[in-house]
J.: 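Pasting in a structure now, in structure tokens, and then I'll have a few things to ask.
As the structure is a computational prediction, the values presented were derived from the model and not from experiment. Counting starts at 1 for both ligands and their atoms, in listed order.
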Amino acid sequence: MAASLAESIVERCLLAGFAAAGVAPAAASKWGEAMRAWLAAGSHGAMEYMSRDLEVRLDPRRVLDGTRAFLVVADLYASRAGTLASNAPESGTSARGRIARYAQGRNYHDVMKRRLHALADALRIEHPGSEFRTCVDTAPILERELAVAAGIGWQAKNTMVIHPRLGSYVLLGVVATTLPLTTPAEQWTATDHCGTCTRCIEACPTGAITPYRVEASRCVSYLTIEHRDVIPVELHGEMGDWIYGCDVCQEVCPHNSPRDDGGVPYPAYSPRAAGLELLDVLNWDRAAREQAFRTSPMKRAGLAVMKRNALIVAGNVLRDRSDAALLARVKAVAADNSESDVVRRTAREVLQQLDDRS
Ligand code: SF4
Ligand code: SF4
């Protein structure tokens, strides 16, 4: 039997290197109530944009007039065979802050958009009159809900989308289209396989997870990337050595444990550096940060955010071992009036905590 249009487009996505792809029907969100409750509780922290575009978020058809389907793709960025390997610095090396795995390679926005734009351009020619809008963190839609609806995976207790074979180290992209794509009949159905497991909830360093919900204002990933102000002192220790993002609730997940058929990551996500030297970051100026993050998704975090994070990790390092150069740099930052208020306040808080312990 000839493949349907949806099936053939999904097949082309796989040929383009996406690890998974599927088609979600054009429909209003079923997560509206949960989303409103999450926002009402303030769980989104300072991510005001989450509430600003709520009406579109709860009806993704609004991103493109006449939307009849959503093509959803997933890029694998870490192999299941390698996910449990530690990327913590070896003892004796200079102090480093750890980077979440998705941010260790090239900027996924660019990597995904380039291939999705190419696909959309080809489809426009093949289907004159059809419209496409590519969304890779660029439109107010609930990508995870669409991924579940497209059969890519289930939304797990840690709120990540888990593909049953690939695990949760996936990045999502969406193309809204006016093409009348229908879901392939044989599509895998996204059943929740979390069961009675609570590993991510127990392992989260800040206790940010309750089943199927993450309190952003306590999540290290949110705090180190989205949050622009000082980070509450009581969370400094829990941040450990994370300078950008956090992978703990994925590292402990049994669905990310090694398996032979766990997929091959897209080459552009090959890790370039698992961590950043704290002294480097604390010495950066704007130009140095721009150069370091030129092709990285970490460019989302500005200079002050990165220095704030580096100071907190430095404080955690200095609690465990002496490092004269690092301590001197923290003191210099605290006294440097050219640094931002957030950076200087964080440096002073870190030094205060070190004093309190000595
Ligand atoms: S990313 Fe880290 S801090 Fe955030 S919910 Fe997962 S384990 Fe907790
Ligand atoms: S650790 Fe367990 S509960 Fe958490 S996402 Fe994985 S399977 Fe689900």
J.: Taking the side chain as every heavy atom from C-beta outward, state whether Trp242 and Val248 have any pair of such atoms under 4.5 Å apart.
T.: yes
J.: Who's the nearest protein heavy-atom neighbour of atom 2 (Fe) of ligand 1, and how far?
T.: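 For atom 2 (Fe) of ligand 1, the nearest protein heavy atom is Cys246 SG, 2.3 Å.
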J.: If you count the atoms of ligand 1 from 1 in the order shown, which ones are under 4.0 Å from a heavy atom of Ile209?
T.: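 In order of numbering, the contacting atoms are 5 (S).
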J.: For atom 7 (S) of ligand 2, what's the nearest protein heavy-atom neighbour? Residue, atom name and distance, please.
T.: His255 CD2, 3.4 Å
J.: On a heavy-atom basis, which atom in Val220 and which in Gly245 lie closest, and how many Å separate them?
T.: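 Closest pair (atom of Val220, atom of Gly245, distance): CG1-O, 3.9 Å.
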J.: I'd like to check which ligand 2 atoms, numbered from 1 as shown, lie under 4.0 Å from a non-hydrogen atom of Cys200.
T.: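 Answer for ligand 2: 1 (S), 3 (S), 4 (Fe), 5 (S).
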J.: For atom 4 (Fe) of ligand 1, what is the nearest protein heavy atom, given as residue, atom name and distance?
T.: Cys219 SG, 2.4 Å
J.: Looking at Cys204, which atoms of ligand 1 are within less than 4.0 Å of one of its heavy atoms?
T.: 3 (S), 5 (S), 7 (S), 8 (Fe)
J.: Got Leu326 and Val317 here, is their nearest side-chain heavy-atom distance under 4.5 Å?
T.: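 Leu326 reaches Val317 side chain to side chain.
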J.: Strictly distance-based, threshold 3.5 Å: is any side-chain N or O of Lys157 a donor or acceptor partner for the main-chain N or O of Cys197?
T.: yes
J.: Is atom 2 (Fe) of ligand 2 less than 2.8 Å from at least one N/O/S atom of Cys197?
T.: yes
J.: Tell me the closest heavy-atom pair linking Pro297 and Asn107, and the distance in Å.
T.: CD-CA, 3.5 Å
J.: Indicate the ring-plane relationship of Trp284 and Phe293, choosing parallel, tilted or perpendicular according to the 30° and 60° boundaries.
T.: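 Judged by the thresholds at 30° and 60°, the geometry between Trp284 and Phe293 is perpendicular.
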J.: From His193, does some N, O or S atom reach closer than 2.8 Å to atom 8 (Fe) of ligand 2?
T.: no
J.: Would you mind listing which atoms of ligand 1 come within a distance below 4.0 Å of any non-hydrogen atom of Val248?
T.: 7 (S)
J.: Quick one, Thr346 and Ile231 - any side-chain contact, counting heavy atoms below 4.5 Å?
T.: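 When only atoms from C-beta onward are counted, Ile231 and Thr346 do not touch, as no gap falls below 4.5 Å.
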J.: Among all protein heavy atoms, pick out the one at the shortest distance from atom 6 (Fe) of ligand 1; state its residue, atom name and that distance to 0.1 Å.
T.: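 Minimum-distance protein heavy atom for atom 6 (Fe) of ligand 1 reads Cys249 SG, 2.4 Å.
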J.: Would you mind listing which atoms of ligand 1 come within a distance below 4.0 Å of any non-hydrogen atom of Pro205?
T.: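 Near Pro205, meaning under 4.0 Å from one of its heavy atoms, ligand 1 has 7 (S).
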J.: Tell me if the centroids of the rings in Tyr212 and Trp154 come within less than 6.0 Å of each other.
T.: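 Aromatic pair excluded; centres sit 6.0 Å or further apart.
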J.: Would you mind checking which non-hydrogen protein atom is closest to atom 3 (S) of ligand 1, with the distance to 0.1 Å?
T.: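 Going by distance alone, atom 3 (S) of ligand 1 is nearest to Val220 N, 3.1 Å.
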J.: Under 3.5 Å, side chain of Arg133 to main-chain N/O of Val175, donor-acceptor pair present?
T.: no
J.: How far is atom 8 (Fe) of ligand 2 from its nearest protein heavy atom, and which residue and atom is that?
T.: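 Residue, atom and distance for the closest contact: Cys194 SG, 2.3 Å.
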J.: What residue and heavy atom of the protein are closest to atom 5 (S) of ligand 2, and at what distance?
T.: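 Protein heavy atom at minimum distance: Ala156 CB, 3.5 Å.
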